[in-house]
Structure formats: C-alpha cells, structure tokens
Participant: 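Before anything else, here's the structure in question.
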Amino acid sequence: MSIYTTIDSPIGEIVLTGSDGALTSVKVGTAVPNGATRDDAPFAEAVRQFAEYFAGDRTAFDLDLRPSGTAFQHRVWAEVAAVPYGKTTTYGEIAARIGAPRDRIRAVGAAVGANPLLIVRPCHRVIGAGGALTGYAAGIERKRFLLTHEGALQPALI
C-alpha cells in the first residue's frame, strides 16, 4: 500500500510517498500520487530531517529508501548520492565514475532526471559541463535555491 504526506518548504509543497516503512518518492510541487493514502505518522523522521535540512542543520539524509528503477538508474543515483553537500558535479563526471562511455552522457542525464527522490538524493547538485544549471524536475529556480542554500552558488544580486 502506498502512503504519502506533505511538507511545506521554502521551495513549495513537498510530497513524500512511501511503502512498507521506506521512502519511495520525493516530489516538489506535484499532485498527490493516484491511489496513495495520506498517513503522516510513518514520515515523522523524514519530516524532521527535511526541517533540519532547510534550517541549515543537516547536510545529508539518513532514511530508508526504496525507489524503483533500472540497474543503470540505480548506478547513476548512487553516484548522485555521493556528491557532497555544497559541491556540484557534471553529467560527464558521473558517466566517467560509472564507467559509461562518453556517448552515454544523455542516458546518464535521463537517469538523473528520473531520480524519484528529489533533495534526498541530491540530483540538484548535477550541473552542465560549462557550469550551467540544466534540467531539474522541480524547476531551475528551485535548483538554484537548493544550490544557494547549500553554498554551492552565491546568492544572486538584484
């Protein structure tokens, strides 16, 4: 049975989905998953860790994760999870770390884009080779906010 809860955050509403005590999905600004039942209690630890993250008191999440994906996606996601707080990496660097040839960078990008655990598995830390903030499922402005929050980007001067 799929369950969910929601969290208010500086980047909008976050929808956490889980099953059997594990977190299966973290989405920002999206609708509640079809067929899921609201149950806040099982997500108490995740909600606490998100609050600490947005308060600047947490740099990594320690949660039971069980996302679905292909073996290739899981390899890419493991590399994404290894990118330290406040740092960035590129799609090409991830491809190199998993031993994928250069012609597989788009496949790496697709796997990063399919990450079902936004923020927890920090795909926002993956940027273009020239430093450009490229694709993010929750939107480029949210990606910019998260990277600025983590100190990987300087706040924009307006």
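Starting from 1, each residue takes its place in the sequence as its number.
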Participant: Verify, without hydrogens or angle tests, whether Arg66 (side chain) and Ala22 (backbone) share a donor-acceptor contact under 3.5 angstrom.
Facilitator: no
Participant: So, does Trp77 use its side chain to make a donor-acceptor pair with the main chain of Ala111 at under 3.5 Å?
Facilitator: yes
Participant: Atom CD1 of Ile119 and atom CD of Gln49: how far apart are they, to the nearest 0.5 Å?
Facilitator: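 Between atom CD1 of Ile119 and atom CD of Gln49 there are 13.0 Å.
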Participant: Does one hydrophobic cluster hold both Val83 and Leu133, with members joined at side-chain heavy-atom distances below 4.5 Å?
Facilitator: no
Participant: Show your working on side chain to side chain contact (heavy atoms under 4.5 Å, CB included) between Phe50 and Val26 and close with a plain yes or no.
Facilitator: CA-CA 11 Å; Phe50 269 95; Val26 175; 3.8 Å; yes
Participant: Assigning hydrophobic clusters by single linkage (Ile, Leu, Val, Met, Phe, Trp, Tyr; side-chain heavy-atom cutoff under 4.5 Å), is Leu65 placed with Phe72?
Facilitator: no
Participant: Given 3.5 Å as the limit, does a donor-acceptor pair link the side chain of Arg121 with the main chain of Asn115, or not?
Facilitator: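 Absent.
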Participant: Begin with the C-alpha distance, continue with both residues' side-chain angles, and end with the deciding distance and a verdict on side chain to side chain contact (heavy atoms under 4.5 Å, CB included) for Phe61 and Leu117.
Facilitator: CA-CA 11 Å; Phe61 291 85; Leu117 295 166; over 6 Å; no
Participant: Got a sec, which residues hit salt bridge (charged side-chain N to carboxylate O under 4.0 Å, His left out) with Glu45, two or more places apart in sequence or on another chain?
Facilitator: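 Glu45 satisfies salt bridge (charged side-chain N to carboxylate O under 4.0 Å, His left out) with Arg48 once adjacent residues are dropped.
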Participant: In terms of hydrophobic clusters joined by side-chain contacts under 4.5 Å, are Ile14 and Leu118 together?
Facilitator: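 Ile14 clusters together with Leu118.
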Participant: Have a look at Arg144 and tell me which of Ile140, Leu147, Leu146 forms a side-chain contact (heavy atoms from CB on, under 4.5 Å) with it.
Facilitator: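 Of the listed residues Ile140, Leu147, Leu146, the side-chain contact (heavy atoms from CB on, under 4.5 Å) partner of Arg144 is Ile140.
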Participant: For the CZ atom on Arg102, are there more than 12 heavy atoms of other groups (residues, nucleotides or ligands in this structure) within a distance under 6.0 Å?
Facilitator: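 12 or below, so no.
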Participant: Count I, L, V, M, F, W, Y as connected when their side-chain heavy atoms are under 4.5 Å apart, and connections chain through other members. Are Phe54 and Leu23 then in the same cluster?
Facilitator: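 Yes, Phe54 and Leu23 fall within the same hydrophobic cluster.
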Participant: Closer than 3.5 angstrom, by distance alone: can the side chain of Arg104 be matched with the main-chain N or O of Ala100 as a donor-acceptor pair?
Facilitator: no
Participant: Only one of Val108, Val126, Thr89 clears side-chain contact (heavy atoms from CB on, under 4.5 Å) with Val80; which?
Facilitator: Val126
Participant: Would the distance check show the side chain of Thr5 and the main-chain N or O of Leu16 forming a donor-acceptor pair, the cut-off being under 3.5 Å?
Facilitator: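 No; judged by distance alone, with no hydrogens or angles, the pair does not exist.
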Participant: Hey, any chance Tyr136 and Tyr53 share a hydrophobic cluster, counting ILVMFWY side chains that come within less than 4.5 Å of each other, even indirectly?
Facilitator: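 Both belong to a single hydrophobic cluster.
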Participant: For the OG1 atom of Thr59 and the CD atom of Glu150, what is their distance to the nearest 0.5 Å?
Facilitator: 8.5 Å
